[in-house]
> 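Below are the structure tokens for one structure; questions will follow.
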Amino acid sequence: MAETQQNVGALTDQEVKLLKDSWGILAEDKKTNGVKLFMKLFRRFSKAKEMFRMFKDKPLEALDYNG
């Protein structure tokens with residue numbers, strides 16, 4: 001039982017490779033991709049913005065970036 005629970009959500013070697021490879025693509029434009037990630041997070045989970053002092057009092061439109 002414990003072994004099955006430990007393996008739940010575990011990634012295969014191929015999935016780990018794909019994930020690592022994708023970071024290189026994202027790193028090509030860190031600023032734009034970072035802003036897109038936060039915007040998606042804040043749009044989907046609006047309360048999450050309150051956890052970031054620099055963002056919590058700003059409207060989403062003020063945070064958007066179209067690099």
Side-chain angles (χ1 to χ4, degrees):
M1 179 174 87
E3 183 180 1
T4 303
Q5 288 178 344
Q6 287 177 346
N7 290 332
V8 171
L11 299 175
T12 66
D13 289 343
Q14 178 63 22
E15 290 169 327
V16 170
K17 182 183 180 330
L18 290 170
L19 186 59
K20 286 181 178 180
D21 291 346
S22 71
W23 282 109
I25 296 166
L26 293 173
E28 291 175 10
D29 191 355
K30 292 176 190 173
K31 185 173 183 176
T32 299
N33 290 323
V35 171
K36 286 180 180 181
L37 176 114
F38 275 102
M39 294 302 290
K40 190 172 268 197
L41 174 71
F42 296 156
R43 285 188 179 112
R44 188 158 184 194
F45 306 99
S46 59
K47 294 280 186 188
K49 192 167 66 113
E50 297 171 13
M51 299 174 73
F52 297 88
R53 279 182 269 156
M54 60 176 28
F55 302 143
K56 72 177 188 175
D57 295 325
K58 295 183 181 179
L60 279 179
E61 300 79 37
L63 302 177
D64 209 355
Y65 170 77
N66 295 312

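This one's a predicted model, so the numbers in the text were calculated from it and none came from an experiment.
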> Side-chain polar contacts of residues 17-25 - donor-acceptor pairs under 3.5 angstrom, sequence neighbours left out - could you list them?
residue : atom : partner : partner atom : Å
Lys17   : NZ   : Asp21   : OD2          : 2.8
Ser22   : OG   : Leu19   : O            : 2.6

> List the atom pairs, with distances to 0.1 Å, where a side-chain N or O of residues 39-47 and a protein N or O form a donor-acceptor pair under 3.5 Å, not counting sequence neighbours.
none

> Is there side-chain contact between Leu63 and Phe38, with heavy atoms separated by less than 4.5 Å?
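No, their side chains stay 4.5 Å or more apart.
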> Scan residues 52-61 for pairs that pass salt bridge (charged side-chain N to carboxylate O under 4.0 Å, His left out), counting only residues two or more places apart or in two chains.
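Checked against salt bridge (charged side-chain N to carboxylate O under 4.0 Å, His left out) - neighbours excluded - no pair reaches residues 52-61.
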> Are more than 12 heavy atoms from other residues, nucleotides or ligands located less than 6.0 Å from atom NZ of Lys36?
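No, NZ of Lys36 has 12 or fewer neighbouring heavy atoms, counting only those of other groups under 6.0 Å.
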